[in-house]
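Report on the structure given below.
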Amino acid sequence: LHAQLLRMKVDVVATHEPGGTRIGEEIRRILLDPSFKEMHPMTETVLYAADRAQHFYEVIKPALDQGKVVLCDRYIDSTLAYQGVARRIGMEGVQNLNEWVTDDHYPDVTFLLEIPFRVGLKRLMERKRVLDRIESEAQAFHEQVQEAYKTLAKFFPQRFVVLNGVDKPEKIHHHVMQVVTPLLS
């Protein structure tokens, strides 16, 4: 998507969470370090919010203020799914915290690539030798995350676009462009 938008002469910033800033990369290192198995879910939640605050004010907000399109791999919905639901912190508290640290800024569109858990795990294992702290969670945790994303997509149909993650990449890209192109005018 990023390359396609650049070819279309769209001023675009591609970024990711956790990370995306110098401070965020340090927070990411702590969050994903498998040796921190004792990390409390509330600590995890607050660290993701701290990363998001830095990321929002250092990268996302300045880009938006300059009229740029921002593509972000993960954002508030990830924290709602992982920490709000799967870690059982609670959706309302996580949502309030994240709205506070981002000045209530939500994406115009969120793409959810839906794939069966086992397919996703197989793809992950093909890419990585060592799983991080979140990736190494039990299957039940990841299934809860998956269900939470589906629920979010139902609650927020105006901004969620659910894509079949087992489709060919070209088909997924075509669908994404059908959604994104009208937003650019």
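Only heavy atoms go into these numbers, but all of them, side chains included; no hydrogens, no water, no symmetry mates.
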Are any non-hydrogen side-chain atoms of [X] and [Y] less than 4.5 angstrom apart?
| X | Y | result |
| --- | --- | --- |
| V12 | H2 | yes |
| D132 | D33 | no |
| C72 | E17 | yes |
| L80 | V85 | no |
| R29 | E26 | yes |
| V46 | T43 | no |
| E99 | N96 | yes |

| message | When you measure from the side chain of Q83 to the backbone of M42, do you find a donor-acceptor pair of N or O atoms at a distance under 3.5 Å? | response |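 Not confirmed, Q83 side chain does not pair with M42 backbone.
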| Sidechain-backbone polar pair: Q95 side chain, I76 backbone, donor-acceptor under 3.5 Å |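 It does not hold such a pair.
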| Going through the distances and angles, do L47 and M39 end up as a side chain to side chain contact (heavy atoms under 4.5 Å, CB included)? | CA-CA 11 Å; L47 284 173; M39 188 179 299; 4.1 Å; yes
How would you list, by chain and number, every residue that makes a salt bridge (charged side-chain N to carboxylate O under 4.0 Å, His left out) with [X], sequence neighbours excluded?
| X | value |
| --- | --- |
| K68 | none |
| R133 | E44 |
| E38 | none |

| field | V59: hydrophobic cluster co-members (side-chain, 4.5 Å) | value |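 Hydrophobic cluster check, V59: joined to V13.
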Could [X] and [Y] be called an ion pair, given the rule that one side-chain N must be under 4.0 Å from one carboxylate O?
| X | Y | result |
| --- | --- | --- |
| E126 | K122 | yes |
| K37 | E137 | no |
| D77 | R159 | yes |

| query | Do the ring planes of F141 and Y82 sit parallel (below 30°), tilted (30 to 60°) or perpendicular (above 60°)? | reply |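 It falls in the tilted class, 30° to 60°.
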| query | Does N98 have any side chain to side chain donor-acceptor pair (under 3.5 Å) partners at least two apart in sequence or in another chain, and if so, which? | reply |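 Counting only residues at least two positions away or on another chain, N98 forms a side chain to side chain donor-acceptor pair (under 3.5 Å) with R52.
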| message | If the condition is side chain to side chain donor-acceptor pair (under 3.5 Å), which residues does H105 pass it with, not counting sequence neighbours? | response |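 Side chain to side chain donor-acceptor pair (under 3.5 Å) check on H105 returns nothing, list empty.
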| request: Please lay out, stage by stage, how F155 and F160 fare under the test side chain to side chain contact (heavy atoms under 4.5 Å, CB included). | output: CA-CA 9 Å; F155 280 144; F160 262 86; over 6 Å; no
| query | For residues Y48 and S78, is any side-chain donor paired with an opposing acceptor at under 3.5 Å? | reply |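 There is no such pair (donor and acceptor under 3.5 Å, judged by atom type) between the side chains of Y48 and S78.
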| query | Take atom CG in N164; do more than 12 heavy atoms of anything else shown fall under 6.0 Å from it? | reply |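 For N164, atom CG is crowded (more than 12 foreign heavy atoms under 6.0 Å).
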